[in-house]
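Working notes, structure below.
Atoms within each ligand, like the ligands themselves, are counted from 1 in listed order. Counting begins at 1 with the first residue of the sequence.
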Amino acid sequence: MITTIAVAGAGQMGSGVAQVAALSGFEVIVYDLKPEFCDKARERITGLLAKDVSKDRLSAGDRDAALARIRYTTSLSDLAAAGLVVEAIVENSEIKRKLFGDLDAICPPEAIFTSNTSSIPIIEMAIATKRPERFAGLHFFNPVPVMGLIELIRSIATSDETVADLKAIGERLGKTVVEAPDAAGFIVNRLLVPYLFDAIRLYEARAATREDIDNAMRLGCNHPMGPLTLSDFIGLDTLASIGEVLYGELFEPRFAPPPLLRRLVQAGRLGKKAGRGFYEYGK
Ligand code: NAD
């Protein structure tokens, strides 16, 4: 029975997974490259749980217990204590494969490895380890504490037992688990990314203002946010990387990141996390 979950990468997604796992009773180890990245995650989780307490969605006692279950580290060897690793580092296959190779040498053979990748084939990362049968995709959605879905991606090497273990953990985390194919974009991004890119192209062509594009989809289709806002929330660097992977696999122009998206990324306007993307955000 898995009681400890390690989360590699303490960014938007990793901190969300850590928060949900701790609230669900798991011991959690959060790993990132620098102490300041861990501090930022701790602050984010503490702030979000404080908000839950102030809105009576969580008791102060449960908040304190959840916070006490999360440890932060910059030492990879600390992840050896986990039965499940959820990787949520930068969306780059080479960097992810290097991390999994290093983890494979550290973690016990029965530990399950998962990646939260949005677009990289699971088997490509699994073969960087000696445990491809205990390797799968566990794709959470942003913000993790709010979004109800996990895409569980089984590679051609993932065992039935691993799939069953991960389904059970996904349900303990309070999420609905759908099985998605190990094909670029899985289910959600395969459908979502071309839509977001079409909105960016529309804006780039000056066919409509950013506000009108977003309001049109919010009010015309009842989406909770418009496509340009959603792109900012995902992170424009992450979105561009996802598009590059999808395009590299499928060779369809609709998956190619639009030039404006590339320019914004080059300018460091990475969306909400950077304070600026299609829109400006306060600190
Ligand atoms: P982010 O930029 O907020 O966080 C990434 C974190 O990983 C940073 O803290 C960074 O310091 C850390 N990191 C980078 N290289 C590392 C390494 N070698 N070892 C340890 N830590 C390292 O990114 P994010 O939005 O949280 O995305 C993380 C992953 O989740 C990506 O694979 C992304 O595709 C995926 N994802 C993102 C979203 C989204 O909406 N943002 C949704 C689903 C999945």
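Backbone and side-chain nitrogen or oxygen atoms of Ile234 are examined, and one is located within less than 3.5 angstrom of a nitrogen or oxygen of ligand 1. Residue Thr117 has no N or O atom closer than 3.5 Å to an N or O atom of ligand 1. Taking distance alone, with nitrogen or oxygen atoms compared against 3.5 Å, Ile89 approaches ligand 1 more closely than that limit.
More than 12 heavy atoms of other shown residues, nucleotides or ligands fall within 6.0 angstrom of atom CD in Glu252. More than 12 heavy atoms of other residues, nucleotides or ligands shown are found within 6.0 angstrom of NZ on Lys175. Within 6.0 Å of atom CZ in Arg201, more than 12 heavy atoms from other residues, nucleotides or ligands are found, so the atom counts as buried in its surroundings.
Both Met13 and Ile150 belong to a single network of hydrophobic side chains, linked directly or stepwise wherever heavy atoms of I, L, V, M, F, W or Y lie under 4.5 Å apart.
Of the inter-residue distances, the one linking Glu151 atom CD with Leu138 atom CG reads 10.5 Å to the nearest 0.5 angstrom.
In this structure, Ala88 counts as a contact residue of ligand 1, since one of its heavy atoms falls inside 4.0 Å of the ligand. No heavy atom of Phe141 sits closer than 4.0 Å to any atom of ligand 1.
Of all atoms in ligand 1, listed by their number and element, those nearer than 4.0 Å to a heavy atom of Glu91 are 31 (C), 32 (O), 33 (C), 34 (O). Contact atoms of ligand 1 toward His139: 43 (C), 44 (C) (distance under 4.0 Å to a heavy atom of the residue). Counting atoms of ligand 1 from 1 in the listed order, those under 4.0 Å from a heavy atom of Lys96 are 31 (C), 32 (O). Close contacts of ligand 1 with Lys273, meaning ligand atoms under 4.0 Å from a residue heavy atom, involve 2 (O). Listed by number with element, the atoms of ligand 1 under 4.0 Å from a non-hydrogen atom of Ser118 are 33 (C), 34 (O), 35 (C), 36 (N), 37 (C), 43 (C), 44 (C).
Looking at Ala41, Gly11, Gly137, it is Gly11 that brings a heavy atom closest to atom 1 (P) of ligand 1. Looking at Val86, Thr238, Val90, Ile95, it is Val90 that brings a heavy atom closest to atom 14 (C) of ligand 1.
A side-chain N or O of Arg97 and one of Ser93 form a donor-acceptor pair less than 3.5 Å apart.
The residue Lys34 has no part lying near ligand 1, judged by heavy-atom distances below 4.0 Å.
By the 30° and 60° cut-offs, the orientation of the rings of Phe251 relative to Tyr247 is perpendicular.
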Kindly indicate, with the supporting measurements, whether the criterion salt bridge (Lys or Arg N to Asp or Glu O under 4.0 Å) is fulfilled by Glu124 and Lys96.
-> CA-CA 10 Å; Glu124 190 174 308; Lys96 285 188 193 286; over 6 Å; no
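The protein atom (non-hydrogen) at minimum distance from atom 19 (N) of ligand 1 is Leu33 CD2, 3.4 Å.
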